[in-house]
Amino acid sequence: MTTTPERTTDLYPTRGRTEVATPRQDPVVWSTPGTPGPFAADELAAFERNGFAAVERLVAPEEVLTYRAELDRLIADPAVRADDRSIVEPASREIRSVFEVHRMSEVFAGLVRDPRVVGRARQILGSDVYVHQSRINVKPGFGASGFYWHSDFETWHAEDGLPRMRTVSVSIALTDNLDTNGGLMIMPGSHLTFLGCAGETPKDNYKKSLRMQEAGTPSDEALTGFADRHGIKLFTGPAGSATWFDCNCVHGSGDNITPYPRSNVFIVFNSVENTAVEPFAAPVRRPEFIGARDFTPVR
């Protein structure tokens, strides 16, 4: 199923002359109270309030070994390195990310279909879901660069055409997440305000933004205000831990200058009732391996 719907009303203007803050127009948890699923009611309430939920040891240690071995296999494969879906570090030329990993690997495709994973996505989004994006992030020690502060929805809305905030991400740690090796940071509650960023989207912006994001990043003043209001939460935990977070959370991660790698698999689920239209603030769509146009539900 690949039909792209017509363009809809833009509820979240961005990439204009100035930054514009818009209150969230959508629910955070779309399912009705009492909908069965892996999350307990109090966990869903915390997700609605904070924009995230951490699940320690979502997958068992022996499963982590399987996924880590598959990650190592992929990044060691010359064909994968040569693929457009692989992004390399600007300085070291080491692989930074491999996109559409659920299509490249049956091992990771199985993880996408795992009820512990897709079940939580359905519970949050209140519908069947499809994979808008998947990737493995490889953050080796001794200098792997971080990801600057941003809202994923700002990019997915502007450049992929997702109309509503009905998208959720999960980051599953394949190595220990320490407080020193470039872990995920989120501003709790930031998902309740959409920050439309200033500046036009360059053509083929994805070629640069996947290595170092510039377009679609908030100003220092806006980030300071968000941090003062919401604070910053750093996520740590053993390999196998997972962090679920709303598409509009302001988040980022620092460089990893320790000897200890930080790698994860990252899956973005979107509601089948929120399929992509044409981009709201970009001249052309991004490639399908970054922003899917196949809306087939995960089964």
Side-chain angles (χ1 to χ4, degrees), residues 38 54-89 92-121 129-142 144-147 152 168-178 181-184 210-211 235-245 253 256 258-270 287-292 294 296-299:
V55 180
E56 189 165 316
R57 298 197 187 280
L58 178 76
V59 297
E62 59 271 17
E63 296 175 284
V64 170
L65 293 177
T66 298
Y67 297 130
R68 269 237 306 265
E70 182 68 352
L71 180 149
D72 291 341
R73 182 190 71 80
L74 288 169
I75 63 176
D77 186 340
V80 172
R81 184 181 182 86
D83 196 294
D84 288 343
R85 292 172 287 185
S86 293
I87 310 301
V88 299
E89 288 280 355
S92 69
R93 308 307 297 169
E94 292 189 59
I95 286 182
R96 174 186 178 96
S97 300
V98 179
F99 281 80
E100 212 172 43
V101 71
H102 71 295
R103 294 190 183 277
M104 300 179 74
S105 162
E106 183 53 40
V107 172
F108 287 117
L111 181 61
V112 166
R113 296 189 298 264
D114 191 310
R116 295 170 296 180
V117 177
V118 70
R120 284 180 165 85
V129 297
Y130 70 94
V131 176
H132 176 69
Q133 185 186 104
S134 72
R135 66 178 187 260
I136 47 174
N137 290 325
V138 185
K139 216 173 194 182
F142 299 117
S145 55
F147 292 85
D152 286 331
V168 66
S169 302
V170 59
S171 174
I172 302 172
L174 302 184
T175 55
D176 291 345
N177 281 239
L178 310 173
N181 65 345
L184 174 69
L210 297 180
R211 294 175 173 84
F235 291 86
T236 60
S241 302
T243 304
W244 291 85
F245 58 101
S253 64
N256 182 13
T258 75
Y260 311 111
R262 175 184 170 262
S263 299
N264 68 297
V265 55
F266 181 78
I267 307 163
V268 180
F269 293 101
N270 188 39
E288 291 195 28
F289 67 82
I290 302 172
D294 181 348
T296 305
V298 175
R299 299 293 186 210

Check your understanding: Can you check whether S263's main-chain N or O pairs, donor with acceptor, with N137's side chain at less than 3.5 Å?
Key -> no
Review point. Do the side chains of H132 and D152 get nearer than 4.5 Å, heavy atoms only?
Key: no
Exercise for review: Measure the shortest side-chain to side-chain distance between R135 and I290 over non-hydrogen atoms and say whether it is less than 4.5 angstrom.
Suggested key: no
**Study point:** Short side-chain to backbone donor-acceptor contact, S86 and V80, under 3.5 Å
**Key:** yes
Point to revise | Six-ring centre of F269, R120 cation under 6.0 angstrom, axis tolerance 45° | key: no
Check your understanding: Looking at V268 and S169, what are the two nearest heavy atoms and their distance?
Key -> CG2-OG, 3.6 Å
**Study point:** Lys/Arg-Asp/Glu bridge criterion (N-O < 4.0 Å) met for R113, E106
**Key:** yes
Practice item. Could you check if a side-chain atom of V59 sits within less than 4.5 angstrom of a side-chain atom of D114, using non-hydrogen atoms only? Key: no
Practice item. Compare every heavy atom of P238 with every heavy atom of A173, then report the nearest pair and how far apart it is. Key: CB-O, 4.2 Å
**Study point:** Interatomic distance, S145 atom OG to R96 atom CZ [nearest 0.5 angstrom]
**Key:** 4.0 Å
Review point. Could you state the interatomic distance from CG (D176) to CZ (R262), rounded to the nearest 0.5 Å?
Key: 11.5 Å
Practice item. Report yes or no: does R116 contribute a side-chain atom to a donor-acceptor pair with the main-chain N or O of L58 at less than 3.5 Å? Key: yes
Check your understanding: How close do T66 and V107 get, heavy atom to heavy atom, and via which atoms?
Key -> CG2-CG1, 4.2 Å
Revision key, fill the gap. Interatomic distance, OG1@T175 vs CG@N264, rounded to 0.5 Å, equals 7.5 Å
Exercise for review: Could you go through the side-chain contact (heavy atoms from CB on, under 4.5 Å) check for H102 and I267 one step at a time?
Suggested key: CA-CA 9 Å; H102 71 295; I267 307 163; over 6 Å; no
Exercise for review: Drop me the distance from I87's CD1 to R81's CZ, to the nearest 0.5 angstrom.
Suggested key: 11.5 Å
Point to revise | Non-hydrogen atoms of A242 and V170 that approach each other most closely | key: CB-CG2, 4.0 Å
Check your understanding: Is there a side-chain contact between D84 and P287, using heavy atoms and a 4.5 Å cut-off?
Key -> no
Point to revise | Pairwise side-chain contact, W244 with V168, heavy-atom cut-off 4.5 Å (strictly under) | key: yes
Practice item. Could you walk me through whether N181 and T258 pass side-chain hydrogen bond (donor to acceptor under 3.5 Å, both in side chains), step by step? Key: CA-CA 6 Å; N181 65 345; T258 75; 5.2 Å; no
Review point. With a 4.5 Å limit on heavy-atom distance, are the side chains of I136 and F266 in contact?
Key: no
Point to revise | A79 backbone acceptor or donor facing D77 side chain under 3.5 Å | key: yes
Revision key, fill the gap. Closest non-hydrogen atoms of I95 and I75, given as atom of the first, atom of the second and distance, are CD1-O, 3.8 Å
Practice item. Output yes when a side-chain donor or acceptor of K139 lies under 3.5 Å from a complementary backbone atom of G182, and no otherwise. Key: yes
Review point. Which heavy atom in F142 sits nearest to a heavy atom in P259, and how many Å separate them?
Key: CZ-CB, 3.5 Å
Review point. Hey, are the side chains of N177 and L184 touching, using non-hydrogen atoms and a 4.5 Å cut-off?
Key: no
Practice item. Report the relative orientation of the aromatic rings in F108 and Y67; use parallel for angles under 30°, tilted for 30 to 60°, perpendicular for over 60°. Key: parallel
Check your understanding: Got V265 and L71 here, is their nearest side-chain heavy-atom distance under 4.5 Å?
Key -> no
Review point. Is the NZ or CZ atom of R85 both under 6.0 Å from the centre of the six-membered ring of F99 and within 45° of that ring's axis?
Key: no
Practice item. May I ask you to check whether over 12 heavy atoms, not counting those of D72, lie within 6.0 Å of atom CG? Key: yes
